[in-house]
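Within every chain, numbering begins at 1; the chains are lettered A, B, ... in the order of the sequence lines, protein sequences first and strands thereafter. Values below: all heavy atoms of this structure, side chains included; hydrogens, waters and symmetry mates excluded.
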Protein chains: 2
Amino acid sequence: MSLVDGGLVEGGMAAPTRERILDGAWRLFVEQGFAGTTITQIEAAASLAAGSGSFYRHFRSKEDVLHAVVDREVERVDAERNVGPELSDTGGDVRVALAMEFQQRLRNLQRLDPLVRLVQQEREHLGGSRDYLGDLLVDRNVTVRSERFAAWMERGAIPKRDPEALATVLMCALVGYRMSSDYFDRPPGDTSEEAFITTLIDLVVGP
Amino acid sequence: MSLVDGGLVEGGMAAPTRERILDGAWRLFVEQGFAGTTITQIEAAASLAAGSGSFYRHFRSKEDVLHAVVDREVERVDAERNVGPELSDTGGDVRVALAMEFQQRLRNLQRLDPLVRLVQQEREHLGGSRDYLGDLLVDRNVTVRSERFAAWMERGAIPKRDPEALATVLMCALVGYRMSSDYFDRPPGDTSEEAFITTLIDLVVGP
DNA sequence: GTCTATACGAAGATAGAC
DNA sequence: GTCTATCTTCGTATAGAC
């Protein structure tokens, strides 16, 4: 049982203050942005007296905790990295394998949206973390998918094309769909996720 | 001849203070964000005395000028709206028509990036403008393109598919490519714009 | 309409007792 | 490590002369 608000974790042990500060700062930064969040709010969220400088016993400044928060989240992304099912897991049906992969990617993108937004907002202050996040979110995904597509092309499961460019196009389409949906609070062109994925698969597999 | 910095416009007439404030605020908001920009900076950019409240003779608050700036930019987007060349303009070559259209869309997206970012940053304060921008940037584009695709499908120029879903997928791919490039300061998967567009065309037209 | 001067509040950060 | 209390800086906004 986990009582995050009370600062307790499984087993009833009180979470270290530093962790509580990171948890609270992360939530507040996501909800209000970095500039919109005050040290006082972070202290309150960490069950410290609001307005006391207790925060400063654990972090040197507001920017300091921003870096710590972002780095922790980027590490989590790294740890949770996963790819879609192998073709063999879906009875050799390439359409099913693609559908599962695209759905999973859209879910992942949605989950990562708060982090992406925060990093975007504070891009000037987050040079290194931003580079690493780009590598994690984009390049490694393209690499892994393009290798898979190349294998499928060899087997004749999908038409032959430049596998890296294909992987890039598909990833960009999914990124664009998710960002448009988040940005405008509705799917682009009123195209449902299902119709979007179906069309994407048709384009990849061919008629 | 236009001397924006000096507050002059064609003809040598001094631009009204209100316009100079809008120009300066727009530039500063793009460079530093809304929260990161001070009234004092806006005044200086408009050639008013820094720290004097002269700003307040023209706008009631910082939020007020934000709305005015965003609305002005959205109106400009609306005025500049344009679509790619007709099929007949390219000698009936659908690949050429698509290439020109995609290139133009990528250029447009790049030009609109500052506005999109600003609206994203201050989304809470910009409800109405945001809805309208979504309509302008996404839905109208999808509508216009899907009608065109439907006509091309009738003529047998491209394979038959759901034209609206196809237009959505393509627009999302371009949005994702541009946003990834801007976000990480490099194209995703190190795929050049040319290779990206070529692959996109191959997917649409078929082998 | 623009200036000088300033009131007011908010937020980051520190000092020192416990 | 946490508290009370406070310092300092900065930014919004206003008052009133010109």
For the pair A:Glu43 (side chain) and A:Gly51 (backbone), establish whether a donor and an acceptor sit closer than 3.5 Å, ignoring hydrogens and angles.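 Side chain of A:Glu43 to backbone of A:Gly51: a pair is present.
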Of B:His58 and A:Gly51, whose nearest nucleotide on DNA chain C comes first from the 5' end?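 Mapping each residue to its closest nucleotide by heavy atoms, the 5'-most match is B:His58.
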Let me know, please, whether A:Ile39 or A:Arg57 comes out on the 5' side of the other along DNA chain C by nearest nucleotide. A:Ile39
Verify whether one side chain among A:Ser52 and A:Ser54 offers a donor that lies under 3.5 Å from an acceptor in the other. yes
Residue pair A:Asp162 / B:Thr199, side-chain donor-acceptor N/O under 3.5 Å: no
Carboxylate-amine/guanidinium proximity below 4.0 Å for [X] and [Y]:
X       : Y        : result
B:Arg76 : B:Asp71  : no
B:Glu86 : B:Arg148 : yes
A:Glu19 : A:Arg72  : yes

Heavy atoms, side chains only, cut-off 4.5 Å: are B:Pro163 and B:Glu147 in contact?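 With C-beta onward as the side chain, the pair stays apart.
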In whole Å, I'd like the distance from the OH atom of B:Tyr56 to the C1' atom of C:dT4.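 Rounded to whole Å, this separation is 16 Å.
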Between C:dA13 (C1') and A:Leu48 (CG): distance, integer Å: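 The distance from CG of A:Leu48 to C1' of C:dA13 comes to 15 Å, rounded to the nearest Å.
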Using the side-chain hydrogen bond (donor to acceptor under 3.5 Å, both in side chains) criterion, which residues pair with A:Tyr183? Sequence neighbours excluded.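 Listed in chain order: nothing, the list is empty.
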Start and end of chain B contact along DNA chain D [non-hydrogen atoms, under 4.0 Å]: D:dG11 to D:dG16
Between residues 59-67 of chain B and DNA chain D, which residues have a heavy-atom gap below 4.0 Å? B:Ser61, B:Lys62
Which is more 5' along DNA chain D, the nucleotide nearest A:Gly53 or the one nearest B:Phe55? Just name the residue. A:Gly53
Across the strands shown, which category fits B:Ser52 at heavy-atom distances under 4.0 angstrom: base, sugar-phosphate, nothing? base
